[in-house]
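The structure under discussion appears below in the form of structure tokens.
Just so it is clear: chains get the letters A, B, ... in the order the sequence lines come, proteins before strands, and each one is counted from 1.
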Amino acid sequence: MPMPRPSASTTYEKSRTSTRHPLALTIILSTALLALSPAQAANLTDNRRSGYAFMGPPLRAMQDDDMTNPASLWQRDGETLWAEPIGEAGRSCADCHGDAASSMRGVAARYPAFDRTMNRPIDLEQRINHCRTAYQKAGPLAFESHDLLALSTHVARQSRGLPIAIENSKALHPFLAMGRSLFHERQGQLNLSCAQCHDDNAGRSLGGATIPQAHPTGYPLYRLEWQGVGSLQRRLRNCMSGMRAAPYAFGAEAFVDLELYLMWRANGMPMESPAVRP
Amino acid sequence: MAKPLIKVPPTAKKGEIIEIKTLIAHPMETGYRAGLNGATLPRDIIRRFVCSLDGEEIFSADFSPAIAANPFLSFFTRIEKSGSITFQWTGDNGFSVSETVEISVS
Amino acid sequence: MSSPISPPCAVERRRFLRQTAECAAGAAVTLLLAIRPARATPEEMRAAIRQTIGPAAPHDGRVLLDLPPLVENGNAVPLTVTVDSPMTGQDHVVAIHLFNEKNPQPYVASFHLGPRAGRAQVSTRIKLADSQQVIAIAQMSDGSFWQGGAKVIVTIAACVEDVN
């Protein structure tokens, strides 16, 4: 059974149909693996907005111009690392992948993606580390290390403007379902779920910040709060601390499932990496 | 760490006023923040920036810890002749970075 | 930005507000930890100005300080200072100095220009610990000083990283 793909056009079609054939919509949604309540479907249909839309003009301008976007500094480093032969194999990313502008175009928009050897989805950072260990015979880079962020920023930059395109593959379904349930599960001392903030209260203000819809369109990104570039997992850890929940470890399977669900939920939205956020 | 990003138009007309933009990686640690163990992180900032054309200063800046991390600057200069524009950042802990960009004036 | 949180169910709503207020309070504590010393005061700002420009009293005008009225995070607030000056050999801006009221230190930066600048305009990004007034003072080639200011509201980020 195909998953409902929340791309703006298809779900818009569905919800328009719904005003005329409410029963048809119910059937479509309830037979889908990841059934969405109509309210959620409507939310995805009508109001999906990137965190960019919640920022004021100065921060948008900072993101839009490579000269003012501080993440450009990380991307530049990534470009340098891309061409450096390393490890026992003495090979560079470029030796195998050539020019990132063509070989990495659209790649970040498809991650997390199913990996046959791991038999589960892996995210972009893990994919890069896989190449380092398996092909370059160099050790993996630590999560959130400067070099890993630099490389992932460089790779993700090649998807800017392209639509997020998580594959509709059966192999991913159980992991998507897991990510979705983590998103809806109440956790932490505050007994809150991600969905309570990001689905039910998006656009409202919380301690001065506007709650965004949690679309991971811009990662890795420069967060003013961090005064540096960070991954999506770092951002999720911040939200978990806010919920007074113990954050998963970097690279934990639960994190990748959550990333996968968030990316799938944003399918069709344009990539902004590297973005700027407050 | 990354090379600074510098934006200078590669060519200009004699007497033209051009905009120069720079972006450099630096933590600009204020000296007022607490670190992981609660101890204050020592100050680590860029203190001075100088831009010169063929050795003659055209713009400079003195920074305090209140300049944001990864400092960005934009300023203007009237360009009269082709030459080398040199950018130099110096600061705490022996920080010193310098870059040169050529501009050709017609 | 300030619409109240109102989930459909009133009980839910109260609980949500209480919980999120705690979360926001946590964020505020984190922020306060990040700013250790007592903040500077407007008097300290005036003292810092005297120290930088001497006893001269700056005139109001000729200096335009462009700052967003509201920023989502004070760690990088973009600003542009533009001074009304012909920028000729006889009449130009020599320097622009920036000050603020409430950071730990009131002095922010100085920019040194000359007639060669052609245009007296500088942009940068600064840190602001709180909502406050920022002042730019231009020092002219005739020895006069001119000033312009702007007020900024700085909101704080929610659910930031735990310090440990």
Using non-hydrogen atoms only, which part of [X] is less than 4.5 Å away from chain C: side chain, backbone, both, or neither?
{"X": "B/Glu56", "result": "side chain"}
{"X": "B/Ile20", "result": "neither"}
{"X": "B/Arg48", "result": "side chain"}
{"X": "B/Leu23", "result": "side chain"}
{"X": "B/Asn70", "result": "backbone"}

If you draw a 6.0 Å radius around [atom1] in [X], do more than 12 non-hydrogen atoms from other residues or ligands fall strictly inside?
{"X": "B/Lys7", "atom1": "NZ", "value": "no"}
{"X": "B/Lys81", "atom1": "NZ", "value": "yes"}
{"X": "C/Gln51", "atom1": "CD", "value": "no"}

Taking every non-hydrogen atom, the tightest pair across [X] and [Y]:
{"X": "C/Gln121", "Y": "B/Phe76", "value": "O-CD1, 3.5 Å"}
{"X": "B/Thr77", "Y": "C/Arg116", "value": "OG1-O, 3.2 Å"}
{"X": "C/Thr124", "Y": "B/Phe72", "value": "OG1-O, 2.7 Å"}
{"X": "B/Ser64", "Y": "C/Gln105", "value": "CB-OE1, 4.3 Å"}

> Counting heavy-atom pairs under 4.5 Å to chain C, which of B/Gly31, B/Gly15, B/Ser60, B/Ala61 comes out on top?
Replying inline: B/Ser60

> Top residue by heavy-atom pair count (under 4.5 Å) with chain C, among B/Asn37, B/Ile17, B/Ile67, B/Ile58?
Replying inline: B/Ile67

>> Set out, in order, the CA-CA distance, both residues' side-chain angles and the distance that settles side-chain contact (heavy atoms from CB on, under 4.5 Å) for B/Met28 and C/Lys127, then state yes or no.
In response: CA-CA 10 Å; B/Met28 292 301 283; C/Lys127 293 175 196 139; 3.8 Å; yes

> Which one, C/Ala109, C/Ala117, C/Ala120, C/Gly118, leads in non-hydrogen pairs under 4.5 Å with chain B?
Replying inline: C/Ala117

>> Check the orientation of C/Phe111 and B/Phe63. Use parallel for under 30°, tilted for 30 to 60°, and perpendicular for over 60°.
In response: perpendicular

> Does anything in residues 54-66 of chain C pair up under side-chain hydrogen bond (donor to acceptor under 3.5 Å, both in side chains), and if so which pairs, sequence neighbours excluded?
Replying inline: C/Asp60-C/Gln147

>> So for C/Pro115, is it side chain, backbone, both, or neither that comes closer than 4.5 Å to the heavy atoms of chain B?
In response: backbone

>> Working note: B/Val50 + C/His112, criterion side-chain contact (heavy atoms from CB on, under 4.5 Å); need CA distance, chi angles, decisive distance, verdict.
In response: CA-CA 9 Å; B/Val50 180; C/His112 308 278; over 6 Å; no

